[in-house]
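Just below is one structure, and these are the notes that go with it.
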Amino acid sequence: MTPAGAGQPDQGTLRRAIAASAVGNATEWFDYGIYAYGVTYISAALFPGEAAEATLFALATFAISFLVRPLGGFFWGPLGDRLGRKSVLAATILLMAGATFCVGLIPSYDSIGLWATALLIVLRMIQGFSTGGEYGGAATFMAEYAPDKRRGFYGSFLEVGTLAGFSFGALLMLGFSLVLGDEAMRSWGWRLPFLVAGPMGLIGMYLRSKMEDTPVFREIEAQGSQEGAERGLGHLLRHYRKPLLVMGGLVIALNVVNYTLLSYMPTYLERRLGLSTQQALYVPIIGMLFMMVLLPFAGAISDRIGRKPLWWFSLVGLFVLVIPLYHLMEASLLGAILGFAALGLFYAPQLATISATFPAMFPTSVRFAGFAIAYNVSTSLFGGTAPMASSWLIERTGDPLMPAYLMMAACAVGMLALAFTIETAGQSLRGNHIPGSRQARRELAEQA
């Protein structure tokens, strides 16, 4: 066993590891950005029915990709713990980017009927399956390369990639709509942003092919059969049920807020609050750019005071203020911008610390699998379905505040889970036990 803090990579290697991790996350969220911001065009091109009905179908198709994410987590997670993080991440980024690219090639509903809808569903499922391994692997890769005392700061750049990819997709869709006009966008222009995913995937593949696997994984790999025997899905489910459940609860809060703010907000602002299509796109883009500036600061603060205080600030703040901020967004375009920015201010502490918090909830031998399974099961059930659930609940109740109520419920679940979360700021990820636990501290002390 290598003592904590030994064998840390140099700054150049660390920067390359950050880039290799973040580019995949950016590609994943680029897909979500162009889908969320182009849902009006996609629904018109690939779905039957009137605008409202077609939009709901398009949001449902967005949710379908999340239903297969747990399958991806169960497949890619154990594979990443057995073969290494790098090998799995090379495969997932190619599948993910390829599926997004192919969406731009689907013939219209007017040309091939329901086959257009079916092809979109299949490609969204491939994208979801590959994403089931991408995010957990990228966060684990980042966390295992980062220095223990600065894991929050370096890990925050994975989420800068998240917002950069989403913002790039949104700006691309917005830019094409302004240049081409509504008629051309509905006819063929909506396809162009999807085609950009192809080069992004190739760049990510190249960056990842140039990296070694993480120092933490190479250490455990060098030990051979002793810890290798412990790897496996059965071992994870038998011995790590508590962190699986705790992480699942945190992910409910994280991703209901995430997908409500980032994926559903353009549709909500346009269809529910009456903003124009362009205005509905401006608001979240401004908010996301604001959040991107905040993330490294929040990550650095978490290295000093811990992850849990930032999560408490975020969850309690959102729970208390989400309804007043939704009312502020109803007032005007300026109110929408300020309200969204305030929601982003409270959400940023969660987002900034994912890559530092979640990988540290499992030991190295089951880290990729534990992260991928807990994250994707919870995301598929509660996160990816949040836009569709919000739209459906508003239709059924007539209450435009239903997304705010969903966010409050999710934050309540997150607060319950946070009460059982171990603080891991500054703790080593090495060892055979959960970082921050008494057993892990004892083992590392013996090795020092």
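Both backbone and side-chain heavy atoms feed into the values below; hydrogens, waters and symmetry mates do not.
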Legend entry - Glu212/Lys86 ion pair, N-O < 4.0 Å: no
Legend entry - Pairing residues for Phe194 by the ring-ring contact (aromatic ring centres under 6.0 Å, His included) criterion, not counting sequence neighbours: Trp190
Legend entry - Ser209 side chain to Tyr206 backbone, donor-acceptor under 3.5 Å: yes
Inset, instruction - To the nearest 0.5 angstrom, please state how far the CD1 atom of Ile373 sits from the CZ atom of Phe368. - result: 10.5 Å
Inset, instruction - Could you check whether the rings of Phe157 and Phe153 sit parallel, tilted or perpendicular, using 30° and 60° as the cut-offs? - result: perpendicular
Inset, instruction - Would you confirm whether Arg16, through its side chain, and Leu207, through its main-chain N or O, come within 3.5 Å as a donor-acceptor pair? - result: no
Inset, instruction - Kindly indicate whether a cation-pi arrangement holds for Arg124 with Tyr35, taking the cut-offs as under 6.0 Å to the six-membered ring centre and within 45° of the axis. - result: yes
Inset, instruction - List in chain and number order the residues that pass side chain to side chain donor-acceptor pair (under 3.5 Å) with Ser380, two or more places apart in sequence or in another chain; answer none if no residue qualifies. - result: none
For residues 410-425, which side-chain N or O atoms pair as donor and acceptor with protein atoms under 3.5 Å away, sequence neighbours left out?
{"unit_1": "Thr421", "atom_1": "OG1", "unit_2": "Ala417", "atom_2": "O", "d": "3.1"}
{"unit_1": "Glu423", "atom_1": "OE1", "unit_2": "Arg307", "atom_2": "N", "d": "3.1"}
{"unit_1": "Glu423", "atom_1": "OE1", "unit_2": "Lys308", "atom_2": "N", "d": "3.0"}
{"unit_1": "Glu423", "atom_1": "OE2", "unit_2": "Arg307", "atom_2": "N", "d": "3.0"}
{"unit_1": "Glu423", "atom_1": "OE2", "unit_2": "Ala425", "atom_2": "N", "d": "3.1"}

Side-chain donor/acceptor pairs under 3.5 Å, residues 336-357, sequence neighbours excluded:
{"unit_1": "Tyr347", "atom_1": "OH", "unit_2": "Leu254", "atom_2": "O", "d": "3.3"}
{"unit_1": "Tyr347", "atom_1": "OH", "unit_2": "Asn258", "atom_2": "ND2", "d": "3.0"}
{"unit_1": "Gln350", "atom_1": "NE2", "unit_2": "Ser314", "atom_2": "OG", "d": "2.9"}
{"unit_1": "Thr353", "atom_1": "OG1", "unit_2": "Trp311", "atom_2": "NE1", "d": "2.8"}
{"unit_1": "Thr353", "atom_1": "OG1", "unit_2": "Pro349", "atom_2": "O", "d": "2.8"}
{"unit_1": "Thr353", "atom_1": "OG1", "unit_2": "Gln350", "atom_2": "O", "d": "3.2"}
{"unit_1": "Ser355", "atom_1": "OG", "unit_2": "Glu159", "atom_2": "OE2", "d": "3.3"}
{"unit_1": "Thr357", "atom_1": "OG1", "unit_2": "Thr353", "atom_2": "O", "d": "2.8"}

Legend entry - Any side-chain heavy-atom pair of His235 and Val366 under 4.5 Å: yes
Inset, instruction - Indicate yes or no for a side-chain donor-acceptor contact from Ser378 to the backbone of Gly248 under 3.5 Å, with no hydrogens or angles considered. - result: yes
Inset, instruction - Output yes when a side-chain donor or acceptor of Arg151 lies under 3.5 Å from a complementary backbone atom of Pro147, and no otherwise. - result: no
Legend entry - Nearest heavy atoms of Ser21 and Ala138, plus distance in Å: OG-O, 3.6 Å
Donor-acceptor contacts under 3.5 Å from residues 315-323 side chains, at least two apart:
none

Inset, instruction - List the atom of Ile126, the atom of Ala99, and the distance in Å for their closest heavy-atom pair. - result: CG2-CB, 3.9 Å
Legend entry - Atom of Asn25, atom of Glu134 and distance for their closest heavy-atom approach: N-OE2, 3.7 Å
Legend entry - Least distance between heavy atoms, Tyr326 atom then Met265 atom: OH-CE, 3.7 Å
Legend entry - Separation of Lys242 NZ from Ile434 CD1 (nearest 0.5 Å): 8.5 Å
Inset, instruction - Quick one: pull up CG in Leu310 and CZ in Phe313 and give me the separation to the nearest 0.5 Å. - result: 8.0 Å
Legend entry - Intermediate values then yes/no, side-chain contact (heavy atoms from CB on, under 4.5 Å), Leu381 and Leu67: CA-CA 7 Å; Leu381 294 176; Leu67 298 181; 5.6 Å; no
Inset, instruction - Quick one: pull up CZ in Phe30 and OG1 in Thr100 and give me the separation to the nearest 0.5 Å. - result: 8.0 Å
Inset, instruction - Taking Ser302 for its side chain and Gly299 for its backbone only, find out whether a donor-acceptor pair lies under 3.5 Å. - result: yes
Inset, instruction - Indicate the ring-plane relationship of Tyr259 and Tyr32, choosing parallel, tilted or perpendicular according to the 30° and 60° boundaries. - result: perpendicular
Inset, instruction - Determine, step by step, whether Tyr375 and Asn255 satisfy the side chain to side chain donor-acceptor pair (under 3.5 Å) criterion, reporting the C-alpha distance in whole Å, the side-chain angles of both residues, the deciding distance to 0.1 Å, and the verdict. - result: CA-CA 9 Å; Tyr375 186 90; Asn255 276 339; 3.3 Å; yes
Inset, instruction - Measure across Asp81 and Arg367 and return the closest heavy-atom pair with its distance rounded to 0.1 Å. - result: OD1-N, 3.5 Å
Legend entry - Leu158 side, atom CG; Thr140 side, atom OG1 - distance, nearest 0.5 Å: 10.0 Å
Inset, instruction - Carefully, step by step, assess Glu144 and Leu429 under the rule side-chain contact (heavy atoms from CB on, under 4.5 Å). - result: CA-CA 7 Å; Glu144 290 183 347; Leu429 298 188; 4.2 Å; yes
Legend entry - Flag side-chain contact, heavy atom, 4.5 Å: Ile93 against Leu89: no
Inset, instruction - Report the C-alpha distance between Leu172 and Val196 in whole Å, list the side-chain angles of each, state the deciding distance to 0.1 Å, and finish with yes or no for side-chain contact (heavy atoms from CB on, under 4.5 Å). - result: CA-CA 10 Å; Leu172 208 59; Val196 175; 3.7 Å; yes
Legend entry - Backbone of Gly152 reached by a side-chain donor or acceptor of Asp303 within 3.5 Å: yes
Legend entry - Considering all heavy atoms, the nearest Thr92-Arg208 contact: OG1-NH1, 4.2 Å
Legend entry - CA sep, side-chain torsions, deciding dist, call: Phe362, Leu236, side-chain contact (heavy atoms from CB on, under 4.5 Å): CA-CA 9 Å; Phe362 300 93; Leu236 172 69; 4.1 Å; yes
Inset, instruction - Under the ring-ring contact (aromatic ring centres under 6.0 Å, His included) rule, collect the residues that match up with Tyr154, sequence neighbours excluded. - result: none
Inset, instruction - Using the six-membered ring wherever Trp is involved, compare the ring planes of Trp29 and Phe166 and label them parallel, tilted or perpendicular (cut-offs 30° and 60°). - result: tilted
Inset, instruction - Scan Met125, Arg69, Met96, Glu28 and name whichever one has a side-chain contact (heavy atoms from CB on, under 4.5 Å) with Ser130. - result: Met96
Inset, instruction - Measure the shortest side-chain to side-chain distance between Val377 and Phe74 over non-hydrogen atoms and say whether it is less than 4.5 angstrom. - result: yes
Legend entry - Plane angle bin for Trp76 and Phe129 - parallel if under 30°, tilted between 30 and 60°, otherwise perpendicular: tilted
Legend entry - Interatomic spacing from CZ in Phe371 to CG in Asn376 - rounded to 0.5 Å: 8.5 Å
